[in-house]
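Heads up, the thing below is written out as structure tokens.
Letters go in sequence order (proteins before strands), and every chain restarts at 1.
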Amino acid sequence: MMNDEMKPNLLGLFSEAEENLDDEGFVSRVTDRINRDKRFFRLIRVGISGVVFLCLFQLAPSLQELSKFLNQFLFQPLVELHSPLLTQILYPLNNVIVLVLCGLIILRFARNKLFG
Amino acid sequence: MPGAIRYSERSLEILIVSMAMAGDQEAFTELVRRRQSWVRNLMRRFCGNTILADDLAQQVFLQAWRNIHQLKEADRFGAWLRKLMVTTWFQHVRKKDVLRGSEEFADEQSSTAPIITGLVHDLDRALAQLSDNARTCVILSHKEGMTSEEVAETTGMPLGTVKSHIRRGTKTLQLLLSDYGAVPHKERI
């Protein structure tokens with residue numbers, strides 16, 4: 001058995017082995033890596049947004065149906081209470097609202113799934 | 001008053017961390033500047049290879065930059081960064097285990113690391129005798145001064161396993177580094 005006094009002080013040895021590794025080169029390598037990472041993720045975001053809007057474009061007929069449905073049950077009764085002028089404004093606006101809402105929901109879902 | 005300096009240094013770091021949490025890249029670069037020596041030293045003890053350690057340290061900072069907005073309290077940055085180091089190290093160990101026996105792993109091991117002599121070399125050689133898990137526990141306990149409970153929380157290992165790794169690892173290190181215990185510090189230099 002080793003005598004307690006003969007045992008090395010591990011804490012002391014670890015601190016003695018500690019080196020000063022401050023180096024600006026390392027800092028710039030980390031910065032470069034972060035910048036590359038940012039560029040890569042920006043590219044992915046742009047790609048995903050493009051794909052999402054292409055999908056929306058493909059889904060447009062179904063969205064038209066959805067907006068018609070909304071029109072029939074939600075907007076039309078409201079509009080009928082007011083003037084025909086309001087109908088002319090609200091009807092096209094309705095399609096835009098549906099498209100934007102769907103786009104936002106898909107984008108948010110993709111963002112949460114891909115980027116945490 | 002060194003205490004006052006330490007206190008203001010700490011407040012300054014909390015301020016820098018808060019700025020980095022808000023997405024300020026310049027502030028994050030300052031954090032890298034301040035913490036690089038600690039991170040690189042710890043990674044060197046974990047893997048015993050200076051080139052690999054620097055690569056892992058870069059990965060740690062990259063992960064830190066990506067996730068710093070998830071940090072809840074700015075004054076816990078050190079502990080959070082340490083946990084990231086341990087996670088990055090374990091991820092590397094798992095990858096290394098998958099690659100074991102393949103050419104890629106053989107290449108990594110034969111990388112031309114600078115020759116280090118003296119205590120650093122002896123300490124790294126002694127640490128290399130321990131398993132990856134045992135080495136991690138021993139380093140966190142002796143170098144970072146963490147309690148067994150803190151080591152268990154950081155590594156995700158059961159407390160009993162951590163205690164056993166530390167006990168056995170400490171014995172092995174004391175045996176392998178017994179020359180450093182017999183001679184007083186001053187005579188060694």
Handout entry: Contact listing (chain A partner; residues 59-66 of chain B; heavy atom under 4.5 Å)
Key = B/Gln59, B/Phe61, B/Leu62, B/Trp65, B/Arg66
Problem - Residue pair A/Leu10 / B/Leu177, side-chain heavy-atom distance below 4.5 Å - result: yes
Practice task
Output yes when a side-chain donor or acceptor of B/Asp54 lies under 3.5 Å from a complementary backbone atom of A/Phe26, and no otherwise.
Solution key: no
Handout entry: In one Ile/Leu/Val/Met/Phe/Trp/Tyr side-chain cluster, 4.5 Å: A/Ile34, B/Met21
Key = yes
Problem - Same cluster (ILVMFWY, side-chain, under 4.5 Å), B/Leu12 and B/Leu31 - result: yes
Handout entry: Euclidean distance, A/Glu16 CD relative to B/Leu119 CG, rounded to 0.5 Å
Key = 5.5 Å
Practice task
Heavy-atom distances under 4.5 Å only: say whether B/Ser141 touches chain A with side chain, backbone, both or neither.
Solution key: neither
Exercise for the section: Any pair with a residue in residues 30-39 of chain B that passes side chain to side chain donor-acceptor pair (under 3.5 Å), sequence neighbours left out, goes on the list, sorted by first then second residue, please. Expected result: A/Glu24-B/Arg33, B/Glu9-B/Arg34, B/Glu13-B/Arg35, B/Glu30-B/Arg33, B/Glu30-B/Arg34, B/Gln36-B/Arg40, B/Trp38-B/Glu144
Problem - Choice from A/Leu11, A/Asn20, A/Asp23 maximising heavy atom contacts with chain B below 4.5 Å - result: A/Asp23
Completion exercise
Here the gap from B/Asp122 atom CG to A/Leu13 atom CG, rounded to the nearest 0.5 Å, amounts to 9.5 Å
Handout entry: Stepwise side chain to side chain contact (heavy atoms under 4.5 Å, CB included) test for A/Leu21 and B/Arg44
Key = CA-CA 11 Å; A/Leu21 296 172; B/Arg44 280 183 188 194; 3.5 Å; yes
Fill in the blank from the handout: Turns out that what part of A/Thr31 lies under 4.5 Å from chain B's heavy atoms comes down to both
Handout entry: CG on B/Asp55 to CZ on A/Arg33, rounded to 0.5 Å
Key = 5.0 Å
Exercise for the section: Using a heavy-atom cutoff of under 4.5 Å, enumerate the residues of residues 151-158 of chain B that contact chain A, numbered in order, or state 'none'. Expected result: none
Practice task
Tell me, please, which residues at least two apart from B/Ser18 pass side chain to side chain contact (heavy atoms under 4.5 Å, CB included).
Solution key: B/Ile14, B/Ala74
Exercise for the section: Consider only side-chain heavy atoms of I, L, V, M, F, W and Y, link residues closer than 4.5 Å, and tell whether B/Val93 and B/Phe46 are in one cluster. Expected result: yes
Handout entry: Cluster check B/Leu81, A/Val27: I/L/V/M/F/W/Y, side chain < 4.5 angstrom
Key = yes
Problem - Per-residue contact mode, B/Leu127 against chain A (heavy atom under 4.5 angstrom) - result: side chain
Exercise for the section: Using a cut-off of 6.0 Å, state whether more than 12 heavy atoms not belonging to B/Arg168 lie near its atom CZ. Expected result: no
